[in-house]
> 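For reference, the structure I am asking about is given below.
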Number of protein chains: 2
Amino acid sequence: MTVTAAKTVSRQNGVALWRQIADRIRASISAGDFDGSGMVPPETVLASQFGVNRHTVRSALAALGQEGIVRAVQGRGTMIERRQRLNFPISKRTRFTAGIGDQARDLQGLLLSSHVEPAGPDIARRLQLETNAPVMRIEGLRKADNRPVSVSTSWFPLPRFTGIDDAYRHTGSITQAFSLCGLSDYVRVSTEITAIHGDPEDMLALELSPGAILLVTSALNADPDGRLVQYAVTRFPADRVQLTVNS
Amino acid sequence: MTVTAAKTVSRQNGVALWRQIADRIRASISAGDFDGSGMVPPETVLASQFGVNRHTVRSALAALGQEGIVRAVQGRGTMIERRQRLNFPISKRTRFTAGIGDQARDLQGLLLSSHVEPAGPDIARRLQLETNAPVMRIEGLRKADNRPVSVSTSWFPLPRFTGIDDAYRHTGSITQAFSLCGLSDYVRVSTEITAIHGDPEDMLALELSPGAILLVTSALNADPDGRLVQYAVTRFPADRVQLTVNS
DNA sequence: CCCAATTTGTTCGTATGTATC
DNA sequence: TGATACATACGAACAAATTGG
């Protein structure tokens with residue numbers, strides 16, 4: 001948090017120096033620390049700030065270049081290509097499209113896969129169903145301006161929401177899919193939030209490099225009568241998304 | 001998310017295999033995946049599941065042993081020592097002590113340092129003050145059952161809360177410190193949530209090994225009249241804490 | 001008490017990745 | 001661009017402790 005003159009990195013704890021530095025630079029870009037110039041400081045400056053060899057900084061910048069976050073130009077420096085953090089509000093009436101609709105031009109919801117399966121003990125408990133009761137599981141991917149912002153796994157009780165996978169596939173929106181299944185309104189009952197290092201599978205879908213962090217929300221939605229209609233585990237890239245809770 | 005037979009780890013991206021595997025096992029323990037036996041599967045089983053050498057799994061388990069999460073006994077197996085994830089509710093009346101009071105026996109709030117300083121542009125904007133207006137900055141550490149659960153940096157407007165550092169030092173509670181400064185009630189206005197790799201400084205204070213993830217909340221508190229009284233940036237270890245938002 | 005199976009602990013050697021100079 | 005030092009990862013053993021017949 002504090003801006004210190006000498007930025008510390010720790011050696012030989014299973015995370016390579018170049019990756020630690022890449023993560024720190026990525027975080028600094030997200031925080032807007034280099035906004036004045038739109039450039040990352042010179043490699044020699046970064047090297048002395050972190051107390052490492054310039055080669056190590058170059059490895060870090062190469063990794064960030066691979067992610068499309070910076071672009072190095074010989075003789076000029078390393079420019080910041082992309083710096084945005086979407087804000088995702090969490091409230092009783094949390095909706096993805098309405099929530100970030102004004103922060104991006106183009107929003108997409110893609111259905112990756114859907115399955116009918118028996119509810120495992122955890123899902124059954126969350127949705128207050130009998131264990132092994134039939135549920136629909138949907139894997140989804142959301143994009144804003146063609147960049148992935150979340151992957152999610154949702155469970156819906158059956159037979160009430162039979163066909164919600166097709167509805168979601170065609171509309172790209174959970175709200176509209178619910179509507180097609182005869183549910184015009186729903187509210188967020190609870191949201192649990194934590195953070196993890198993602199599975200390689202999720203990282204691939206979110207176009208992230210393996211050091212990145214995922215914010216994870218486990219959300220429960222209910223209809224106006226209080227019957228539970230959806231349990232969703234959503235993974236956001238922590239360096240591209242911020243969650244906001246307003247009282 | 002999905003339970004797959006072959007657990008994937010990715011090689012050569014700056015994060016050592018043993019650390020990836022340590023993170024995965026830690027997450028599985030937190031999720032209660034091994035609750036039946038109270039033991040981690042044998043090293044040979046884990047090695048084949050992750051598709052790595054047994055030595056690599058041993059490195060991962062050694063790291064978890066260092067964290068006090070597991071304990072290996074020759075001939076018996078590797079037992080799970082600690083499996084808790086504190087739940088920290090976020091609401092209009094968010095209070096640390098009341099929030100997790102029933103989840104731990106012993107709660108402590110420690111003041112690490114306090115300074116009077118001029119508000120930087122970001123702090124001034126958040127607290128709706130003039131830039132360079134005097135504010136009190138407090139660095140604090142919270143422990144539950146003698147294990148660190150958060151470090152926080154708080155800013156309070158001056159001169160209204162002169163002496164709040166001493167009040168916090170003596171009471172170990174922000175709520176009580178406010179009370180000693182003549183503020184009997186306050187409400188949470190907004191909470192922003194994100195996740196980062198922590199500074200080595202924070203990692204040391206939280207007794208975490210590098211590579212661990214921090215959940216970060218940026219919270220704004222106001223008095224009943226709507227005047228802003230505190231801006232706080234709090235860092236939680238993501239594998240020991242979960243945030244919950246209830247509607 | 002002994003034996004076999006299981007599981008962790010230890011020690012070689014070898015190859016590759018990381019970081020400095 | 002090498003050269004060097006150390007960390008990481010694998011493979012093949014074997015030793016030591018525990019468990020259950």
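The structure displayed is predicted, hence computed values, not measured ones. Computed over heavy atoms, backbone and side chain alike; hydrogens, waters and symmetry mates excluded. Just so it is clear: chains get the letters A, B, ... in the order the sequence lines come, proteins before strands, and each one is counted from 1.
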> How long is the line joining CH2 of Trp18(B) and P of dT8(D), in whole Å?
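That distance rounds to 6 Å.
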> Using salt bridge (charged side-chain N to carboxylate O under 4.0 Å, His left out) as the criterion, list what pairs up with Arg125(B), not counting sequence neighbours.
Asp122(B)
> Can you name the atoms? Protein N/O to nucleotides 11-13 of chain D N/O, anything below 3.5 Å, with the distance.
unit_1, atom_1, unit_2, atom_2, d
dG11(D), O6, His55(B), NE2, 2.8
dA12(D), N6, His55(B), NE2, 2.8

> With sequence neighbours excluded, tell me which residues meet side chain to side chain contact (heavy atoms under 4.5 Å, CB included) with Met39(B).
Ser37(B), Met79(B)
> Testing the 3.5 Å rule here: is there a donor-acceptor pair between the side chains of Ser154(A) and Gln230(A)?
yes
> Is any side-chain nitrogen or oxygen of Arg58(B) closer than 4.0 Å to OP1 or OP2 of dT8(C)?
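Indeed not, no polar side-chain atom of Arg58(B) lies that close.
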> Specify the residues of residues 37-46 of chain B, ordered by number, for which at least one heavy atom lies under 4.0 angstrom from an atom of DNA chain C.
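Listed by number, they are Pro42(B), Glu43(B).
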> Checking Arg142(B) now: which residues fulfil side-chain hydrogen bond (donor to acceptor under 3.5 Å, both in side chains) with it, not counting sequence neighbours?
none
> Nearest whole Å is fine: how far is dT18(C) C1' from Arg19(B) CZ?
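My rounded result for the distance is 16 Å.
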> Restricting to salt bridge (charged side-chain N to carboxylate O under 4.0 Å, His left out), what partner residues turn up for Asp145(A), sequence neighbours left out?
none
> Just jot down the salt bridge (charged side-chain N to carboxylate O under 4.0 Å, His left out) partners of Glu43(A), sequence neighbours excluded, or say none.
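In terms of salt bridge (charged side-chain N to carboxylate O under 4.0 Å, His left out), with neighbours along the sequence ignored, Glu43(A) is linked to Arg54(A), Arg58(A).
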> Output the rounded distance in Å from CG (Leu17(A)) to P (dA5(D)).
19 Å
> Is the phosphate of dT8(C) approached by Thr78(B) (side-chain N or O, under 4.0 Å from OP1 or OP2)?
yes
> Which atoms of nucleotides 19-21 of chain D (N or O only) lie under 3.5 Å from a protein N or O atom, and what are those distances?
none

> I would like to know whether Phe96(A) and Phe88(A) meet ring-ring contact (aromatic ring centres under 6.0 Å, His included); could you show each step before the answer?
CA-CA 8 Å; Phe96(A) 183 81; Phe88(A) 187 72; 5.7 Å; yes
> When the axes are fitted on five pairs at both termini, how much does the helix from dC2(C)-dG21(D) to dC21(C)-dG2(D) curve, in 10° steps?
20°
> On a heavy-atom basis, which atom in Leu228(A) and which in Pro157(A) lie closest, and how many Å separate them?
O-CG, 3.7 Å
> Atom CD1 of Ile21(B) to atom P of dT8(D): distance rounded to whole Å?
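Atom CD1 in Ile21(B) sits about 13 Å away from atom P in dT8(D).
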> Run the salt bridge (Lys or Arg N to Asp or Glu O under 4.0 Å) test on Arg235(B) and Glu201(B) for me, step by step, so that the C-alpha distance in whole Å, both residues' side-chain angles and the decisive distance to 0.1 Å come before the verdict.
CA-CA 12 Å; Arg235(B) 286 86 76 199; Glu201(B) 209 175 329; over 6 Å; no
> Give the table of side-chain donor-acceptor pairs shorter than 3.5 Å for residues 108-115 of chain A, with sequence neighbours excluded, one pair per line with atom names and distance.
unit_1, atom_1, unit_2, atom_2, d
Gln108(A), NE2, Asn146(A), OD1, 3.4
Ser114(A), OG, Asp165(A), OD2, 2.9

> Can you name the residues that form a side chain to side chain contact (heavy atoms under 4.5 Å, CB included) with Pro42(B), not counting sequence neighbours?
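For Pro42(B), the residues satisfying side chain to side chain contact (heavy atoms under 4.5 Å, CB included) (neighbours in sequence not counted) are Thr44(B), Val45(B).
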> Name all residues meeting the salt bridge (charged side-chain N to carboxylate O under 4.0 Å, His left out) criterion together with Glu207(A); count only those two or more places apart in sequence or in a different chain, and write none if there are none.
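Result, salt bridge (charged side-chain N to carboxylate O under 4.0 Å, His left out) vs Glu207(A): none returned.
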> Any side-chain N or O of Ser59(B) under 4.0 Å from OP1/OP2 of dA9(D)?
no
> What I want to check is whether the side chains of Glu139(B) and Thr153(B) have a donor and an acceptor closer together than 3.5 Å.
yes
> Check the distance between dA9(D)'s C1' and Gln20(B)'s CD and give it to me in whole angstrom.
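Distance check: Gln20(B) CD to dA9(D) C1' gives 13 Å.
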